[in-house]
Amino acid sequence: MALINKIRERSGVAVAVIAVALILFIVGGDLFGGNGKGGGLFSSNDNKIGEIAGTSIDYQAFQVKLDAARANYEQQAGRALQEQEVQQLRSQVWEQMIFDITYKAEFEKLGLKVTADELREMIQGTKNLSPIIKQQFTDPQTGQYDRNRHIEFINAAAANQLPAAQKTAWDQIKEQAIQQRLLEKYNALLSSSSFVTNAEAKREYEAQATKADARYLYVPYTSIIDTTIKVTDSQLSDYLSKHKEEYKGYDSRSLDYVVYQVMPTKEDSAALYDDIKGFAKGLAAAQDAKAYAALNSDSRVPYERSASEISPTLKAALATAIQGSVIGPFKEDNTYSIHKYEGITTDSLYTVRASHILIRADKTAPDSVKAAARTKAQDILNQLKQGADFATLARTNSQDGSAQQGGDLGFFKNNGAMVKPFESAIFNFGGPGLMPNVVETDFGFHVIKVTEGKSNTKYKIATISRELQASESTRNAIYQKAETLRASCDSKEEFEAAVKKDGKLFILKADKIFPEATTFNTIQNAREVVLWAFNKDTKVGKISDRVFEIGDNFIVAAVTAETEKDSPKADDFRDALTAKVRNEVKAEQILKKLGGASGTLEQIAQKYGAGALVEAASGINFATGMLTSPGIDPIAIGKIFSLQTGKRSKPFVGENGVFIVETTNLVKAPEIADYTQYKNQVSQRNGGYGASYMANQAIRDNANIKDNRAKFF
């Protein structure tokens, strides 16, 4: 049964890999109750979580799937899932639905299946054992597959000796293996049907081997100041309508919001100080101070601590403390601490604190390099002996990460944490003080200063630490301020006016938050705000219907803008469209100014005036050609290779500006017999799984997937 328990621990989740890394999680059961076109379980538009290939996915049905997957996962993991893990599981369940509705149909059309004999070999064979099955019987520590354990389990499963939960898990693993095998077959079929033709290879060769020299006049768009070009909204809309395929719509919301940070008040601080004084009396009188401290402290620290484990303030107080006395309170950040000193003990190890300056010389370095490094280290040591500042010399000379801390290495013990020669030298020296000689290790040469001498003393200290936090009354008061603001505003304009009137508040902006977002700006765990913003009843200009409590922040928000995937607007792409339209206007102005463009390129440039450049490029090719100032401009490169030698183009608009080009020399690629090298290059550029990726995209595009999960979770 030990083996069966092992399977239980490791049999929850496996990954079926297709070329596009499709992550699938099999959770069992048939979700789709109707005919797949809105019937069965999928009939409520209000609860519609999405749509896949015409099949409407209902929220309740999706949740059933998710709950089953979550229960199975938690059973295997032996713990509850974190929120981030639940989000990942939602994605896995959604991907599984896509697979069930779309990919399985493709497999059936192609006649792809796993036979009974093939499945037997996948599950218990040796030649074609499924990686998913093999993983279940592989020791994660050693990476070794245990065939005997595998067969033992197979026999237990065949004899119906598995508990119900384990049998379910094992069935799921087998289903995952089948699914992976089908994906592999599908991928192999697509890959074998994709090849590079001789014509493609020849085109690739010619694009690389054909060379051109050219001269060109170039007027970059940047030669005209952006602010001189006025772009109207109608121009943006016209450009978008002509380039719809380039600008796909997306769902987003933009917010204005204010944050009320919950901070402890003076009253909270005073109340905590009174509590600490009360604990100090209890700690002083406690017969078992260690137990009393553990019972009343917000955080626990070791009872016995070395000098390296206590703060400088406490260390200084201990120097004059009497055994049995209570020390403190001390305040560090938002924590108050009191300590009862109960004497000392000794450790088996010594602790020391030191700084060093390292001049590197690897143990394999030539003798000349080592000699130079030793000389430099000795020179630094001599400067220190004459009174130079150690930290300053460390920052300017040390060749390791401690240089930024002035060479400080902090505390360490004689337990092998440092290399042997370094450790021996320091603990034999004891310190504190500057060590008289340079120390050599495999890293180089060290100049060392012991800043706190070695000690094996451990202090017995019972500590009570209490964190200063806002009281419930403080939180309520701050919440009420936020609620008062929220309730007083019915519009974005009223919200802005109220914040401005307050004087202590200011509006923060979060632009283009996407539906799946869990954070915005510095606000973490903000899913509740995002869900509200994307709710169908939340319109632009609407103030939040509640105060959001996120950690130690109360937030009041207003939706200021929205974009919709199905109805893209010019304003959704304002910055990008503005740049495009602005360049079009600049191009028109440049073309108009170039006029008839006669004479040499230099004469045309002189006539044009400031901004026009005349440059030359030699030995460029069509595949990777780059010009001097314009850089990569495919339109200009294409024009150069389209002209006959000695011919000049008319002014034309490129990617980065306006051009006139002259092709001064064109050397065509010589004929070759074998294009294998270029076939391989094209194939590698497309990727080994190019066909699979494109097929995957085609399947998804054809399924017309609508994903509304972000409006529910």
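For Gly282 against Tyr292, the heavy-atom pair with the smallest separation is CA-OH, 3.4 Å.
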Taking distance alone, no hydrogens or angles, what donor-acceptor pairs closer than 3.5 Å link side-chain atoms of residues 416-436 to residues at least two apart or in another chain?
residue: Glu423; atom: OE1; partner: Gly416; partner atom: N; Å: 2.9
residue: Ser424; atom: OG; partner: Lys420; partner atom: O; Å: 3.0
residue: Asn428; atom: ND2; partner: Ser424; partner atom: O; Å: 2.9

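Side-chain N/O atoms of Asp400 and Ser398 include a donor and acceptor closer than 3.5 Å. Residues Ser306 and Ser308 bring a donor and an acceptor atom of their side chains to less than 3.5 Å of each other. A donor and an acceptor atom, one from each side chain of Thr351 and Lys413, are located under 3.5 Å apart. Looking only at atom types and distance, the side chain of Gln386 has no donor-acceptor partner in the side chain of Asn382 under 3.5 Å away. Residues Thr563 and Ser252 have side chains that bring a donor and an acceptor to within less than 3.5 angstrom of each other. There is no side-chain donor-acceptor pair under 3.5 Å between Gln480 and Asn476.
In this structure, Glu304 places its CD atom where more than 12 heavy-atom neighbours from other residues, nucleotides or ligands lie under 6.0 Å away. Few gaps surround NZ on Lys331; more than 12 heavy atoms of other groups in view lie less than 6.0 Å from it. Annotation for Lys460: atom NZ counts as buried by contact number, over 12 foreign heavy atoms lying within 6.0 Å. In Lys542, the NZ atom is not crowded: 12 or fewer heavy atoms of neighbouring residues, nucleotides or ligands sit closer than 6.0 Å. For Phe412, the CZ atom counts as densely surrounded, since its 6.0 Å shell holds more than 12 non-hydrogen atoms of other residues, nucleotides or ligands. The local environment of CZ in Phe330 is crowded, with over 12 non-hydrogen atoms from other residues, nucleotides or ligands closer than 6.0 Å. Under a cut-off of 6.0 angstrom, the local environment of NZ in Lys315 is crowded, with over 12 non-hydrogen atoms contributed by other residues, nucleotides or ligands. For Lys385, the NZ atom counts as densely surrounded, since its 6.0 Å shell holds more than 12 non-hydrogen atoms of other residues, nucleotides or ligands.
Residues Leu485 and Tyr260 have side chains in contact (heavy-atom distance under 4.5 Å, counting atoms from C-beta outward). At least one side-chain heavy atom of Leu255 sits less than 4.5 Å from a side-chain heavy atom of Val559. Using a 4.5 Å cut-off on side-chain heavy atoms (C-beta onward), Phe554 and Glu483 make no contact.
In terms of modelled atom types and a separation under 3.5 Å, the side chain of Thr345 and the main chain of Lys458 share no donor-acceptor contact. In this structure a side-chain-to-backbone donor-acceptor pair under 3.5 Å is missing from Asn47 to Tyr59. Under the 3.5 Å distance criterion, the side-chain polar atoms of Asn521 are left unmatched by any main-chain donor or acceptor of Ile523. The backbone N or O of Ala557 lies less than 3.5 Å from a partner atom in the side chain of Ser544, making a donor-acceptor pair. With Ser402 contributing its side chain and Leu409 its backbone, the two residues share no donor-acceptor pair below 3.5 Å. With Arg395 contributing its side chain and Gln405 its backbone, the two residues share no donor-acceptor pair below 3.5 Å. With Ser465 contributing its side chain and Ser337 its backbone, the two residues share no donor-acceptor pair below 3.5 Å. The backbone N or O of Ala388 sits nowhere less than 3.5 Å from a side-chain atom of Gln383 that would complete a donor-acceptor pair. In this structure a side-chain-to-backbone donor-acceptor pair under 3.5 Å is missing from Asp268 to Leu468. Ser491 places a side-chain N or O within donor-acceptor distance of the main-chain N or O of Glu494, the cut-off being under 3.5 Å.
The pair Arg79-Glu85 counts as a salt bridge, with a side-chain nitrogen and a carboxylate oxygen less than 4.0 angstrom apart. Look at Asp545 and Arg486 and you find no salt bridge, because none of the NZ, NE, NH1 or NH2 atoms lies under 4.0 Å from a carboxylate O. Asp379 has no carboxylate O lying under 4.0 Å from a charged side-chain N of Lys376, or vice versa, which leaves the two without a salt bridge.
Checked against a 6.0 Å centroid threshold, the rings of Phe713 and Phe62 count as neighbours. In this structure, the ring of Phe520 has its center less than 6.0 angstrom from the ring center of Tyr257.
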Please walk me through it: do Val556 and Ile543 pass side-chain contact (heavy atoms from CB on, under 4.5 Å)? CA-CA 8 Å; Val556 180; Ile543 308 301; 4.2 Å; yes
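Of the candidates Arg305, Lys290, Lys340, Arg305 is the only one forming a side chain to side chain donor-acceptor pair (under 3.5 Å) with Thr463.
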